[in-house]
Amino acid sequence: MEVWMDGKPLAAEPRGDNLGEMLDHLLGGKDLADRTLVELKVNGQPYELGVQGPAGSLPREAISHLELETMDARQVALHFLDNAGAYLQAMHGTLPQVAELFRVADDREANQQYSSLLETLHLFLQLVDGACETLQLDGAQGLGGRPSLAQSQTRISGLISELLQAQEQEDWILLADILEHDLKAELQAWSELMPRLRQQAY
């Protein structure tokens, strides 16, 4: 079996009877404690859970070539900031559709998409916090004369609270208005904020 990590061949094969055990062995070393697996290829193809199944169910005998790419915490944080605009754009693009579903009283479909949107937004905000901590960025510092990250976080937290309150009251028209107008504008503001935040990390 050929095993490559970060562009270099490994002399020794990993231990384990399946892909999951081999990954545990490869990534469990002290030298990789602060690194994150960002890409995995099995037999030259990107590993996909939905295609190849769980890593623990893929036997060693089925693997002839394994490639891993890892990043340290700083690289992961920078990668996130570099791609933050695309994540925000994806969320931004779903808002009109979710708002329209609430307005036409398709509550079930609207709530499903709305829940997914909120989960994505919460994850995004957690990743922002993690990136700032890793890169030691000052969230209270104003960015190019614009609102600071801390101020932006306060604003978006307030909007999330308003959304949850509207949901509890089943005021779907108000919820739709907040999504399509207030949150949409706030995500646009964050799209302008992230490049300035990225500049602090150089």
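Starting from 1, each residue takes its place in the sequence as its number.
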Out of curiosity, L19 CG to S57 OG, how far, rounded to the nearest 0.5 Å?
8.5 Å
Would you check if L40 and L23 make a side-chain contact, meaning some heavy-atom pair closer than 4.5 Å?
yes
Using the side-chain hydrogen bond (donor to acceptor under 3.5 Å, both in side chains) rule, collect all pairs that involve residues 178-190, keeping only residues at least two apart or in two chains.
R103-E180, R155-E186, E186-W190
Given side chain to side chain contact (heavy atoms under 4.5 Å, CB included), test H79 with V38 step by step and report yes or no.
CA-CA 10 Å; H79 179 76; V38 294; over 6 Å; no
Test item: S116 side-chain N/O and Q112 main-chain N/O as donor-acceptor pair under 3.5 Å:
no
Are Q89 and L187 packed together at the side-chain level, in the sense that at least one heavy-atom pair is separated by less than 4.5 angstrom?
no
Flag the pair L26 / L37 as yes when at least one side-chain heavy-atom distance between them is below 4.5 Å, and no otherwise.
no
With the side chain counted from C-beta on, respond yes when I160 and L164 share a heavy-atom pair under 4.5 Å apart, and no when they do not.
yes
Output for pair (E170 CD, N111 CG), nearest 0.5 Å, gives 8.5 Å
For the CG atom of L95 and the NE2 atom of H92, what is their distance to the nearest 0.5 Å?
6.5 Å
List in chain and number order the residues that pass ring pair (Phe, Tyr, Trp, His ring centres under 6.0 Å) with Y47, two or more places apart in sequence or in another chain; answer none if no residue qualifies.
none
Where do P195 and S191 come nearest, in terms of heavy atoms and distance?
CD-O, 3.1 Å
Pairs of donor and acceptor atoms involving the side chains of residues 127-135, under 3.5 Å and at least two apart or interchain, shall be tabulated with distances.
unit_1: D129; atom_1: OD1; unit_2: Q153; atom_2: NE2; d: 2.7
unit_1: T134; atom_1: OG1; unit_2: G130; atom_2: O; d: 3.0

If you measure from CG on L101 to CH2 on W172, what distance do you get to the nearest 0.5 Å?
12.0 Å
One pair to check against side chain to side chain contact (heavy atoms under 4.5 Å, CB included): H122 and F124. What are the steps and the verdict?
CA-CA 5 Å; H122 280 300; F124 178 83; over 6 Å; no
One should read off an interatomic distance between L174 CG and Q169 CD, to the nearest 0.5 angstrom, of 7.5 Å
Compare all side-chain heavy atoms of P54 with those of L49 and state whether any distance is below 4.5 angstrom.
yes
Determine whether L117 and L179 satisfy the following criterion, side chain to side chain contact (heavy atoms under 4.5 Å, CB included), listing intermediate values before the conclusion.
CA-CA 10 Å; L117 172 66; L179 285 173; 3.9 Å; yes
Which atom pair, heavy atoms only, marks the closest approach of M194 to A84?
CE-CB, 3.8 Å
Shortest non-hydrogen contact from V3 toward P14:
CG2-CD, 3.6 Å
Please answer: with hydrophobic residues joined when any side-chain heavy atoms are less than 4.5 Å apart, are L197 and V76 in the same cluster?
no
Is the number of heavy atoms from other residues, nucleotides or ligands within 6.0 Å of CD (Q165) greater than 12?
no
Residue list, ring pair (Phe, Tyr, Trp, His ring centres under 6.0 Å) with Y114, at least two apart or on another chain:
F102
Side-chain atoms of residues 62-75: list all donor-acceptor pairs with protein atoms under 3.5 Å, sequence neighbours left out, distances to 0.1 Å.
unit_1: S64; atom_1: OG; unit_2: N43; atom_2: OD1; d: 3.1
unit_1: H65; atom_1: NE2; unit_2: E67; atom_2: OE2; d: 3.3
unit_1: T70; atom_1: OG1; unit_2: D6; atom_2: OD1; d: 3.2
unit_1: T70; atom_1: OG1; unit_2: D6; atom_2: OD2; d: 2.7
unit_1: T70; atom_1: OG1; unit_2: R35; atom_2: NE; d: 2.7
unit_1: T70; atom_1: OG1; unit_2: R35; atom_2: NH2; d: 3.3
unit_1: D72; atom_1: OD1; unit_2: R74; atom_2: N; d: 3.2
unit_1: D72; atom_1: OD1; unit_2: Q75; atom_2: N; d: 2.7
unit_1: R74; atom_1: NH2; unit_2: A201; atom_2: O; d: 2.9
unit_1: Q75; atom_1: OE1; unit_2: D72; atom_2: N; d: 2.9

Using side chain to side chain contact (heavy atoms under 4.5 Å, CB included), reason through V104 and E100 one step at a time and then give a plain yes or no.
CA-CA 6 Å; V104 298; E100 183 60 24; 3.4 Å; yes
Mind checking what makes side-chain hydrogen bond (donor to acceptor under 3.5 Å, both in side chains) contact with E13, not counting sequence neighbours?
R60
How close do L163 and L118 get, counting heavy atoms only, and between which atoms?
CD1-CD2, 4.4 Å
Would you say N83's side chain and A86's backbone share a donor-acceptor pair under 3.5 angstrom?
no
Using a 4.5 Å cut-off on heavy atoms from C-beta on, say whether the side chain of W4 contacts that of K41.
no
When rounded to the nearest 0.5 angstrom, what is the spacing between CD1 in I173 and CD1 in I178?
12.0 Å
